[in-house]
Amino acid sequence: MLMFVFNTIRKNIVSHRKKSILSLLISAMIVLFLLLYMENIEGNENQLMKLGETIPVTARICNIDGSQEVGLQIEFEKLQQIQETGLVTDEVYTIQSYVNLAAEDPQSQRPIIQFIGCNTLSAFTAFSAEDVTYLEGYDESFFTGEEAACIVRETFLEKNNLKLGDELNLVVYAPEYDTSGGQMFQYEKLGPVKLKIVGSYYTRFRMASDELPDVISPLDYVVSAYEDAGIDCYGNSGRFTLQDPLKINEFKSKMQEIGFKSVNVQEGFKRLGEAMTMNDETFILSATQLTESLNLLKSFAPLIFVIVAAIGFIASYLLMQSRRNEFAIMRSLGTSKMGCFRIIFLESLILVLSGSFLGAVISAFVVNLKVTTMGLILAAFIIFYMLGTTIALLLLNRFSVMAILSKTD
Amino acid sequence: MSILAVNEVSYTYKSKYQTVEAVSNVSCTFEAGKMYAIVGHSGSGKSTLLSLLAGLDLPTKGEIYVEDQPMSKLDRDRYRRETASVVYQSFNLFPLLTALENVAYPMELRGIAAKEARKTGKELIASVGLEERICNQLPLMMSGGQQQRVAVARALASGGKILLADEPTGNLDTVNGEIVVEILKSLSHERGYTVIIITHDMGVAEQADIVYTMKDGKITV
């Protein structure tokens, strides 16, 4: 019986070759359209996911009136909390301290040498990584470590008759702040440190040179120096990039929880780093546009599958309608109603599967989709198209055999 | 012993606007080896009766017995596959299958292997007086007479002993009509078939052993 069904289907497909080809092409074209549509959705989704790489969202800690982004007093605990959220990357932090050369450190004298702790040289704009000369075996990565080492300004090196590899004996002082975050120009002594000079840097910007630090050490080393001395450590500046800009709202809410506020110019100048500015306008604009476009495409998807079912119904009905006589002959010869339906259903299914395969093969040259997405789309197409086809075939299979076969030509 | 017995059968169908009793309280019997003719005007109910005899519909009242088995209890698809077959006025061959494929179809439907079905098919085509070259021709390439003879060969292929014919000569010229009637007659008289012909052609009806006349859904001998 199975052989008979198979042979009948084969004969039907071959005998009605024009209709078979048409049915196959309809399926192939719909599959191609669906895959193109899905590629559009997937493309938009990928674009949205990668939007953060194209348009990074950065945030900077500033004082409450937004006038200052460096030279701040940022509670170090807050910087650690920001890191703990796991929402940020490429963090750039600095800590500002002051030092005197140990040999020239009369207790009463105010420290005059700027000493900065940082985790990357990108914290500075007046010079870049190319302007730094390192001792052999060192590079910028040492700033991420905790080594008691430093790079110094070339003029400092010359003035103190030092060279790379020398040891620098310093006495470190932490600036003191008043309760509102104002710098009091009083200093608390951390104690002496010995730093190996592993590099020197040169800056072309003479105007800015006076504000540049003479000594720069790894951030973590400076933090540990503060901890060893039992003195509170404050950040001087902080900026970072959001790891996933799509979580911008979550990030903002976390920042509020940590205690950061929005900039408010009316609050007046304070040195406290308690506010945050975000460079997110372009990202939000692009993300909104992409999301709207994506939502529109997604909202039409169910309708498209309803249309696919409708096409399945109409195409099958029109292509099979003229074959009602054939079905009536089959019934007259003893094929059951179910058997008749089974034959024409399987015939349609084979053509739809072949058409889907053809559409998928053609689309491989046109669209770039994941195999799983393609598989899901093909499965959904087959289900919805065959749903329409099934309804059409059930309707076509309802007839009076005598009424059809008794008609004379 | 009757092979088919129609016992007080009525058939009513409902259209959107009216209810029509196409067959009304009909009783008759059909025996093996005889040729029957059912005559009557258009709308007298003869085609509906044939449809009931072929198991394509069930009576709304009464019962048809096939060798004493009530039709309503039978697998009617199997009945048409193995016991009764129908020949129509407009031949109703599969238009895209050759004559041989048409004749082999009912045998393959019964599970007979394609090769054997083709062999028997050729014999059946020969038995209705057609040449072997017809075997590979499509219905459109054949004359009406040839198509009707292929249709008879296909009916024989079912292997049953009841042959129902609905106006089998209606689309044929006199010569071909006579040939087809002769074949049907020989099937009943020589091979024991129960042949039931629906016709309004009295010339055909006169060849039958028994004639039933239908009028307004009722039957008279």
Side-chain angles (χ1 to χ4, degrees), chain A residues 1-23 319-348 350-351 395-409, chain B residues 13 22 42 46-57 75-98 101-114 117 138 144 147 151 154-155 157-160 164 166-167 170-171 198:
Chain A
M1 196 58 184
L2 198 68
M3 204 59 199
F4 169 76
V5 171
F6 175 76
N7 278 334
T8 307
I9 291 169
R10 185 180 54 78
K11 279 179 193 170
N12 284 349
I13 291 174
V14 174
S15 304
H16 300 279
R17 61 179 71 83
K18 281 182 186 168
K19 284 178 183 170
S20 301
I21 290 170
L22 189 59
S23 177
L319 289 171
M320 291 285 189
Q321 196 180 26
S322 58
R323 290 175 58 188
R324 243 183 169 169
N325 204 56
E326 228 177 277
F327 307 149
I329 299 170
M330 285 164 72
R331 294 287 314 284
S332 168
L333 292 172
T335 309
S336 65
K337 202 168 184 174
M338 187 58 207
C340 191
F341 174 79
R342 188 166 50 218
I343 287 171
I344 52 179
F345 177 84
L346 288 175
E347 184 186 325
S348 301
I350 287 169
L351 290 172
L395 287 177
L396 285 170
N397 206 26
R398 287 174 60 182
F399 53 80
S400 160
V401 176
M402 277 309 279
I404 291 178
L405 298 185
S406 292
K407 281 179 190 165
T408 53
D409 296 330
Chain B
Y13 63 86
S42 294
K46 52 189 194 301
S47 286
T48 306
L49 181 61
L50 186 90
S51 171
L52 296 173
L53 293 173
L56 292 166
D57 285 304
D75 174 349
R76 288 180 293 132
D77 296 318
R78 188 175 178 182
Y79 166 71
R80 284 196 305 282
R81 277 200 302 273
E82 296 177 357
T83 310
S85 43
V86 190
V87 173
Y88 300 90
Q89 179 178 352
S90 48
F91 325 128
N92 286 321
L93 299 174
F94 289 113
L96 298 172
L97 296 188
T98 63
E101 285 171 335
N102 265 288
V103 176
Y105 188 94
M107 289 185 275
E108 289 180 43
L109 182 61
R110 278 178 16 239
I112 294 169
L138 292 172
Q147 284 188 61
R154 185 178 67 182
S158 76
L164 308 163
D166 185 14
E167 303 278 9
N171 273 2
I198 301 288

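Numbers restart at 1 for each chain; the letters A, B, ... are given by sequence-line order, proteins then strands.
Of all heavy-atom pairs between B:L97 and A:S15, the closest is CD2-OG, 4.4 Å. A:E326 approaches B:F94 most closely through the heavy-atom pair O-CE2, 3.5 Å.
Interface remark: B:Y79 contributes no atoms to any contact with chain A (heavy atom separation under 4.5 Å). Using a 4.5 Å cut-off between heavy atoms, B:R154 contacts chain A through its side chain alone, with no backbone atom that close. At a 4.5 Å heavy-atom cutoff, the contact between B:S51 and chain A is made by backbone and side-chain atoms alike.
To the nearest 0.5 angstrom, B:L96 atom CG is 12.0 Å from A:K11 atom NZ. Here CG of B:D75 is found 8.0 Å from OG of A:S336. Values are rounded to the nearest 0.5 Å. Put simply, OG1 on A:T335 and CZ on B:R80 are 8.5 Å apart, with the number rounded to the nearest 0.5 Å. The distance from the OH atom of B:Y105 to the CG atom of A:N7 is 11.0 Å, given to the nearest 0.5 Å. Atoms CZ and CG, on A:R331 and B:L56 in that order, are 7.5 Å from each other to the nearest 0.5 Å.
Legend: residues meeting salt bridge (charged side-chain N to carboxylate O under 4.0 Å, His left out) with B:E101, ordered by chain and number and at least two apart, are absent. For B:R78, the salt bridge (charged side-chain N to carboxylate O under 4.0 Å, His left out) partners are B:E82, not counting sequence neighbours.
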Side chain to side chain contact (heavy atoms under 4.5 Å, CB included) between A:F4 and B:M107: does it pass, once the steps are laid out? CA-CA 10 Å; A:F4 169 76; B:M107 289 185 275; over 6 Å; no
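Of the residues listed (B:V86, B:N92, B:D166), the one engaging A:L405 in a side-chain contact (heavy atoms from CB on, under 4.5 Å) is B:N92, and it is the only one.
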